[in-house]
Amino acid sequence: MGTSTTSLTLKSFFDDFIHSATFRAHRQLVCVDYPLDMVLAAFDESVPALVIGDADQGLSWRQAHHKLGQECGHIVVEVGAMFNAEAFCAIAGCCRAGALVVLRLAAPTDQLAPSVRRLLRQLEADQSVAFSMSHLERWPAYASPLPRQHAIRQENAIEAIKKVVTGHRRRPLLLTADRGRGKSAALGLAAAQLVMDRPRKILVSAPTPRSCRHAVSSS
């Protein structure tokens, strides 16, 4: 009875955040300390979560690096002795808007690296982060959404990219956004439309060959 009740409570907790994240088109960060099976059971079976940091349940930290440039839904990140901050940043950027990024405390705090303990303290101080842990139960404080007229859509970015090629010379475009917001996709779509207009030679550059392959495949 206790386990079932806890799972239902956590599911209700997650469902509210998913609804809000979908409405606001952002990714909600949630910290929990429930057993992994309870956390996974709290997600809808039709939209399961991807586990990071546990190769038996999902992806190892090494495998998580290869997700960079791709897109995924909800993720559950195992925060233990082997927590990899670099891989976490990479996979968090792949999480699409309207999904949850769940940090699950998978080891006692004294077994975590000092940098990870510091990260958890910073998250506790950030009122936008949700907590469902033995020492803290907290709903996030949402900032007011930006006015709709200030939102830049992917279609706007594609048209701006095409204008760099077809418009006046020597007018470069600076395209910035958080990870996972569709920059590479916009570049790929714009390139495809430009090539359809007439044959062109388009070069793709990146810091490493692997990054370049990810950019091309994601486009």
Return the minimal non-hydrogen interatomic distance between [X] and [Y], and the atom names on each side.
X: Ile158; Y: Ala186; answer: CG1-O, 3.8 Å
X: Lys11; Y: Ala42; answer: CG-O, 3.2 Å
X: Thr109; Y: Arg117; answer: O-CD, 3.3 Å
X: Lys183; Y: Thr176; answer: CD-C, 4.1 Å
X: Ala99; Y: Gly73; answer: CB-C, 3.7 Å
X: Gly80; Y: Ala107; answer: CA-CB, 3.9 Å

In the single-linkage hydrophobic clustering (I, L, V, M, F, W, Y; side-chain heavy atoms under 4.5 Å), do [X] and [Y] co-cluster?
X: Met38; Y: Val47; result: no
X: Val165; Y: Leu189; result: no
X: Trp139; Y: Val32; result: yes
X: Leu103; Y: Leu136; result: yes

Validation row, ring centre Phe88 to ring centre Trp61 under 6.0 Å
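No, the ring of Phe88 stays outside the 6.0 Å limit from the ring of Trp61, centre to centre.
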Report yes if the side chains of [X] and [Y] come closer than 4.5 Å at any heavy-atom pair, otherwise no.
X: Asp126; Y: Leu29; result: no
X: Ile52; Y: Val76; result: no
X: Leu120; Y: Leu112; result: yes
X: Gln28; Y: Pro140; result: yes
X: Leu173; Y: Lys163; result: no
X: Gln111; Y: Pro108; result: yes
X: Val39; Y: Leu10; result: yes
X: Glu124; Y: Phe131; result: yes

I'd like to know whether CD of Glu137 has more than 12 heavy-atom contacts from other residues, nucleotides or ligands below 6.0 angstrom.
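Yes - once you tally the heavy atoms of other residues, nucleotides and ligands closer than 6.0 Å, there are more than 12.
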Rounded to the nearest 0.5 Å, what separation is found between the [atom1] atom of [X] and the [atom2] atom of [Y]?
X: Gln154; Y: Ile161; atom1: CD; atom2: CD1; result: 8.5 Å
X: Asp197; Y: Gln193; atom1: CG; atom2: CD; result: 7.5 Å
X: Cys95; Y: Glu71; atom1: SG; atom2: CD; result: 9.0 Å
X: Leu119; Y: Gln122; atom1: CG; atom2: CD; result: 6.5 Å
X: Cys31; Y: Leu105; atom1: SG; atom2: CG; result: 9.0 Å
X: Glu78; Y: Arg104; atom1: CD; atom2: CZ; result: 4.0 Å

Among Ile18, Val102, Leu50, find the one that has a side-chain contact (heavy atoms from CB on, under 4.5 Å) with His74.
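Single pass found, and it is Ile18.
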Within the distance-only criterion (no hydrogens, no angle test), does the side chain of [X] pair as donor or acceptor with the backbone N or O of [Y] below 3.5 angstrom?
X: Gln63; Y: Ser60; value: yes
X: Asn156; Y: Arg153; value: yes
X: Arg27; Y: Ala92; value: yes
X: Arg138; Y: Val129; value: yes
X: Thr166; Y: Lys162; value: yes
X: Arg171; Y: Val164; value: no
X: Glu159; Y: Ala190; value: no

Look at the rings of Phe43 and Phe14 and say which category their plane angle falls in: under 30° parallel, 30 to 60° tilted, over 60° perpendicular.
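Tilted: the ring planes of Phe43 and Phe14 meet at 30° to 60°.
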Verify side-chain contact (heavy atoms from CB on, under 4.5 Å) between Asn84 and Arg62, making sure each step is shown before the conclusion.
CA-CA 9 Å; Asn84 186 314; Arg62 178 184 291 274; over 6 Å; no
